[in-house]
Amino acid sequence: MRVKCVICDKIESIEDESFIAKRLRNRPIHTYMCQDCSSRISEKTKARIETGNFRLYRTQSEKDEW
């Protein structure tokens, strides 16, 4: 299966039976990111967290009484 990175537009080939390929086929909302972009983003995020100026805003889930 040929996939395209959403950040750098690099086209790569992955196995048809891999977990990533199945996820991309069955759920089109998921996007593919190459290993280079993924590692670059994780390194920069870790560096931002270490500075102390990084805030992660998460939505608080409401507890349902049912």
Side-chain angles (χ1 to χ4, degrees):
M1 175 178 205
R2 289 173 39 129
V3 291
K4 185 177 183 180
C5 179
V6 294
I7 296 176
C8 67
D9 293 333
K10 184 167 101 178
I11 297 175
E12 293 183 350
S13 224
I14 60 173
E15 292 184 27
D16 288 335
E17 299 301 320
S18 67
F19 173 72
I20 297 170
K22 288 180 181 180
R23 186 177 67 181
L24 290 171
R25 265 195 312 270
N26 294 331
R27 297 185 183 122
I29 190 88
H30 291 285
T31 56
Y32 177 77
M33 192 178 346
C34 66
Q35 190 62 35
D36 296 334
C37 291
S38 179
S39 62
R40 184 178 71 237
I41 289 173
S42 64
E43 289 172 6
K44 295 207 180 237
T45 303
K46 288 176 186 174
R48 285 176 52 208
I49 290 173
E50 290 173 359
T51 62
N53 295 330
F54 182 76
R55 284 194 177 160
L56 187 60
Y57 296 100
R58 295 187 181 184
T59 60
Q60 294 187 5
S61 61
E62 297 178 12
K63 292 186 178 180
D64 194 11
E65 295 296 323
W66 289 90

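- Both Val6 and Ile41 belong to a common hydrophobic cluster when Ile, Leu, Val, Met, Phe, Trp and Tyr are linked at side-chain heavy-atom distances under 4.5 angstrom.
- Cluster note: Tyr57 groups with no other residue, as no ILVMFWY side-chain heavy atom lies under 4.5 Å from it.
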Return a table of donor-acceptor pairs under 3.5 angstrom between the side chains of residues 22-31 and protein atoms on other chains or two or more places apart.
residue, atom, partner, partner atom, Å
Arg25, NH1, Asp16, O, 3.2
Arg25, NH2, Asp16, O, 3.1
Asn26, ND2, Lys22, O, 3.3

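- Cluster membership for Ile20 and Val3, using ILVMFWY side-chain heavy atoms within less than 4.5 angstrom, is shared.
- Interatomic distance, Ile14 CD1 to Cys34 SG, rounded to the nearest 0.5 Å: 12.0 Å.
- The salt bridge (Lys or Arg N to Asp or Glu O under 4.0 Å) pairs that include a residue from residues 28-54 are Lys10-Asp36, where partners are two or more places apart or lie in different chains.
- Under a 4.5 Å side-chain heavy-atom criterion applied to ILVMFWY residues, the cluster that includes Ile11 comprises that residue alone.
- Here the shortest heavy-atom pairing between Arg2 and Ser13 reads CG-OG, 4.2 Å.
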